[in-house]
Protein chains: 2
Amino acid sequence: MLEGIAGLHRSHGCGELRATNTGEEVTLMGWVHRRRDHGGLIFIDLRDRSGLVQVVCDPESGEAFKKAEEVRNEYVVAVRGRVRQRPEGTANPRLATGAIEVEARELRILNRAKTPPFYIEDNIGVDEALRLRYRYLDLRRPEMQEILRLRYQTTRAIREFLDGRGFWEIETPMLTRSTPEGARDFLVPSRLRPGEFFALPQSPQLFKQILMVAGVERYFQIVRCFRDEDLRADRQPEFTQLDMEMSFIQREDILNLVEELMAHIFRETLGVEINLPLPRLTYQEAITRFGTDKPDLRFGLEIQDVSTEVKKCGFKVFRDAVATGGVVRGLCVKGGAAFSRRELDELTKLATTYGAKGLAWMAITTEGVRSPIAKFFTAEELQELMKVMQAREGDLLLFVADSETIAAGTLGALRLELGRRLRLYDPGQLAFTWVTDFPLLEYSPEEKRFVAVHHPFTMPMEEDWPLLDTDPLKVRALAYDLVLNGVELGGGSIRIHRRDIQEKMFSLLGFSPEEAQEKFGFLLEAFEYGTPPHGGIAFGLDRMVMLMARRDTIRDCIAFPKTQSGTCLLTGAPSPVAPEQLLELHLRTVVRSADRQGKAVQE
Amino acid sequence: MLEGIAGLHRSHGCGELRATNTGEEVTLMGWVHRRRDHGGLIFIDLRDRSGLVQVVCDPESGEAFKKAEEVRNEYVVAVRGRVRQRPEGTANPRLATGAIEVEARELRILNRAKTPPFYIEDNIGVDEALRLRYRYLDLRRPEMQEILRLRYQTTRAIREFLDGRGFWEIETPMLTRSTPEGARDFLVPSRLRPGEFFALPQSPQLFKQILMVAGVERYFQIVRCFRDEDLRADRQPEFTQLDMEMSFIQREDILNLVEELMAHIFRETLGVEINLPLPRLTYQEAITRFGTDKPDLRFGLEIQDVSTEVKKCGFKVFRDAVATGGVVRGLCVKGGAAFSRRELDELTKLATTYGAKGLAWMAITTEGVRSPIAKFFTAEELQELMKVMQAREGDLLLFVADSETIAAGTLGALRLELGRRLRLYDPGQLAFTWVTDFPLLEYSPEEKRFVAVHHPFTMPMEEDWPLLDTDPLKVRALAYDLVLNGVELGGGSIRIHRRDIQEKMFSLLGFSPEEAQEKFGFLLEAFEYGTPPHGGIAFGLDRMVMLMARRDTIRDCIAFPKTQSGTCLLTGAPSPVAPEQLLELHLRTVVRSADRQGKAVQE
């Protein structure tokens, strides 16, 4: 027989009780974590959001004991009882409440539970699909509750900090206009305007700029964004962004503010101090030294350029690479001379997946340089190479000779792989860096036009404005990314606030004036009514929490995530809808048999 | 020539400067609110988010004066200068900065502006469509900035309070499953699952209950919700809700917590103290005394029931109403005996629009009762009526004889109309009240079945459980609404946490077990794994801010609202999309010519 809680008021969280509570009468409510029968007594580990406490039911308690005999794991119960010290020798020092136990005087069964499909405890090796299907049980596990709490505390720290800096949180629309520049939009059919659609926002970019035009000066929002992309790797169709924008500021102001924000977040949530100022790398430096615009600075192993040293050497592959405009770059792996043939083969294989034609290596041994290509170099050349690469006995040199893009990308990937293998860093370490001065544009071979590296609203660096006409790919943007441990946490830019520059940008992107007007006319028009200089940044909250919680997937940091195939295993969304619903939306579905097969494959 | 802000750093907000800043060198950035040329000088009222300040440009300043000659209203400028006291007799006491002015030494034009289509000032009598089209100009007006700020401060106060009470803000999905119970869903076609759809949430109801099953215990969220309803009156297709849910609590706990929350919000944002506890009315009391479940308690003018007094009187209309199960109820309008014939006719007309067949009246004059129906009553009966109605000389009695529903509804409407006309209240007053004990179900003649008054997850009052089988319409729900000045601010309930009761509820709503399983199977299943007793409430944030800001429409309290026809005049959403986008979504639009005409009509 289930009972209610009438007349009872929770006095404590289970996990809050301590030896100092001894003698107090308490009322607890929570879940039966474990029940053990021992020595004629029933022991219940009672669990709530605050932790666990041991409840003891004695047959002499009568009613309470009888009910305790009924309870099973995950039953919901209320317990009234007295806190007492555990008998000598039975204290559990691993439990915060382990010095005491609660002697039950009244026990009510508030709800029953079937046997859960997995244990409600940390580190269960359970299939993720099962966890998502029973997310309400998965989220009961202490490690998952801890993530929910961390995520909440992170948003609280963000709001606290930005409030103190004069930012206002302002909500922007979720039902907005489809803008084909960018990723694929999720569409929402309009019932009142047959044949027309809203789009869910990929970011509030245009609205936050409009808010700057509106004189808001300092805006932020923790906001849901949507991208209908194929869900490779660790993406979600809906994700949460910390979005910020400020007027009357320069790049330096934003970088400084964000650094202080990050220090505040990590201090308030994890108790970790971050040293400011954060390092800053230009895009070009990041590529040259780390082979990526998202460098992991937890370890060194920097890329070295030896193009000058090898341009006249006897090894044709190196010589030709430099002669045809490419580069020769390498890594010096401390202690790597001991790598086995198999390890070298693995690294070579990895190199080729990044487009390199091969990987040259030199092991620096007590007997000298051991390498298939050593014979192409004079002793002086080898000496010079070792000097530039700062190689010592026992080290391994790895070289890629290719275009700068491929050499950098390959060595960047090798660097990460070696960092992991050789445990060159403490995974718990936090290494932030800014990457600045990104190129404004890149050429898209698929679209046969320039596309914006950040987005079309990014301000080119003033000193590069003349290059907009002569050499657009050389133009640097006032854009910046914040990178943590090799992961892009967020990115932003100073925005274009002048109609003439924005029109120039649209024209470089290949929009006709009519297209620009059709797509972004309201923004161009707004620029004519007194738009202040402004800029901002946006951070992926899911990813930030993932790094803070040291998880491998953002799905662990979202209360109700979608699977890799974009479905919700809890509710079964998406789902078919009633024909009348489509009729009202002036829609008909067109599902071809190929689609159906595709569907079967995707799941 | 436009300039940048390089080398300049804003030192103050325009509106922050005071006489105490006299002599300081300041750097300001903002918008030219007005420019006046006077006595060879140029005066600029410079405006930013913080307010206005007067800047003076002297021809002797050279460059700065030359640039000042160029500026027009809404130009964006940066000014460096010295604060000085205004000359004797020119101080402006209505302006916070009115004691001082800034003598410009440097002026930079950061951006130009065309002449705005309306003035950037309060109380402009401008068509709302124009304001929405140029929302970035509309939001520059101080009264609109004040609302943005108030809205932000409201959310800040909410978060502050709930954080202190152990609530965690947790985000729930925007792409979720369509559940046909409730209003019409906005749908989002799935690209990866041809022919299937997500729905945008009408509220996070199911997810917040699932979070209670997950042991979160105290959840809140300030969250966007969506309803695809026809936008009569003051509705928006997307709106924001403060959503809360708690476990292990009873109704009383929630009501108390919410009262303290409201007191905190009003204290922190408006500096207003709300007296607690708030009044509480049962649904039945509210209907009987005020004719509505959203009573405006800023004034009295309560409805009186005189059915007993008139059931044997000589006036057949009254007698018959009572004899056939109806009621006779009335209002005593203090001083209303002086109403003109025309005013009485207007009230009668209003009464008939609420379904009443007529409105009987009695004016209590120095010469006695003046009334077309006085002749049907004995002197004793009249005396008795006046006593019950607490009528004095000079008052007017109004009566409706009808079914309880129509009598209550009509008199409730008359009461509001009279309250307004007779200025029975100070519009700035705040009168909160709880309305509790709503019926669980009502009968829907259209659907020919019971529907839930709140929603299908509302717990019936335990003492009424037996009535679920015998007389479901008599069952009262553990539901409650918070009403402010006659407007429903929010509503909630204790939820069903037991599968058996939830199934019973679904069956009363006419769902077959299969339908219940299909629609809400995951919730029913969750109830079997240890669901705690729980309940919650949700508030309309837009409406709350509207009442706090004393505006007439929620559109003024949303940064980027939709029009009454559901469109965004700023961006032009919704809009047609590219055929490829539909192809990818496995959709075809079906726009009939009737739709097109409908569209023309709707706009």
Side-chain angles (χ1 to χ4, degrees), chain A residues 5 10 29 31 49 74 76 111 113-114 136 139-140 152 168-170 173-178 186 188 190-198 210 213-215 217 224 228 238 248 522 526 528-533 559-560 566 570-571 573-577 586-591 595 599 602, chain B residues 5 10 29 31 49 74 76 111 113-114 136 139-140 152 168-170 173-178 186 188 190-198 210 213-215 217 224 228 238 248 522 526 528-533 559-560 566 570-571 573-577 586-591 595 599 602:
Chain A
I5 55 175
R10 217 183 191 187
M29 300 185 191
W31 286 261
R49 205 178 71 174
E74 300 310 312
V76 186
N111 217 341
K114 298 206 285 194
Y136 42 88
L139 292 177
R140 271 187 210 162
Y152 167 55
W168 294 353
E169 188 163 19
I170 296 178
M174 293 282 117
L175 295 174
T176 180
R177 188 186 165 98
S178 181
F186 278 105
V188 183
S190 164
R191 181 174 55 84
L192 296 173
R193 306 246 291 196
E196 299 193 354
F197 294 79
F198 295 100
I210 289 287
V213 184
E217 299 186 16
R224 204 68 55 83
D228 188 10
E238 52 178 314
F248 301 118
F522 70 97
E528 296 191 313
Y529 285 99
T531 298
F560 301 102
L570 175 67
T571 62
S575 64
V577 297
H586 326 281
L587 286 181
R588 185 178 294 159
T589 59
V590 191
V591 183
D595 289 336
K599 176 181 157 184
Q602 283 149 18
Chain B
I5 55 174
R10 217 183 191 186
M29 300 185 190
W31 286 261
R49 205 178 72 173
E74 300 308 313
V76 186
N111 218 339
K114 297 206 285 194
Y136 42 87
L139 291 178
R140 271 188 209 162
Y152 167 54
W168 295 352
E169 189 163 18
I170 296 177
M174 292 283 117
L175 296 174
T176 178
R177 189 186 163 96
S178 180
F186 278 104
V188 183
S190 164
R191 182 174 55 86
L192 297 172
R193 307 247 289 197
E196 298 192 354
F197 294 80
F198 294 100
I210 289 287
V213 184
E217 299 187 15
R224 203 69 55 83
D228 188 10
E238 52 178 313
F248 300 117
F522 70 97
E528 295 192 314
Y529 285 99
T531 298
F560 301 103
L570 176 67
T571 62
S575 64
V577 297
H586 325 281
L587 286 182
R588 186 177 295 158
T589 58
V590 190
V591 184
D595 288 337
K599 176 183 158 187
Q602 281 149 19

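Lettering follows sequence order; numbering is per chain, from 1. Computed from a prediction, not measured in an experiment: that's the story for all the values here.
- With a 4.5 Å cut-off on side-chain heavy atoms, Lys114(B) and Tyr529(A) count as touching.
- Both the backbone and the side chain of Thr531(A) come within less than 4.5 Å of a heavy atom of chain B.
- Heavy-atom pairs under 4.5 Å with chain A were tallied for Thr176(B), Val577(B), Thr571(B); the largest tally goes to Thr571(B).
- Listed by chain and residue number, Ile210(A), Val213(A), Tyr136(B) satisfy the side-chain contact (heavy atoms from CB on, under 4.5 Å) test with Ala526(A) (two or more places apart in sequence, or in another chain).
- In terms of modelled atom types and a separation under 3.5 Å, the side chain of Arg588(A) and the main chain of Leu587(B) share no donor-acceptor contact.
- By the 4.5 Å heavy-atom criterion applied to side chains, His586(A) and Thr589(B) are not counted as neighbours.
- Counting heavy-atom pairs under 4.5 Å between each of Gly530(A), Ala113(A), Pro532(A) and chain B puts Gly530(A) at the top.
- Only the side chain of Ile170(B) comes within less than 4.5 Å of a heavy atom of chain A; its backbone N, CA, C and O stay farther away.
- When the side-chain hydrogen bond (donor to acceptor under 3.5 Å, both in side chains) test is applied to Arg10(A), the partners found at least two apart in sequence or on another chain are Asp48(A), Glu217(B).
- The shortest non-hydrogen separation linking Val76(A) to Phe248(B) is CG1-CE2, 3.6 Å.
- Both the backbone and the side chain of Ser575(B) come within contact range of chain A, judged by heavy atoms closer than 4.5 Å.
- If you measure heavy-atom distances from Trp168(A) to chain B, the contacts under 4.5 Å come from both the backbone and the side chain.
- Taking each heavy atom of Phe186(B) and Val188(A) in turn, the nearest pair found is CD2-CG1, 3.7 Å.
- Put simply, the side chain of Arg177(A) does not reach to within 4.5 Å of the side chain of Pro574(B), judged on heavy atoms.
- In this structure, the side chain of Glu238(B) engages the main chain of Met174(A) through a donor-acceptor pair within 3.5 Å.
- Nearest heavy-atom pair across Glu169(B) and Tyr152(A) is N-CD1, 3.2 Å.
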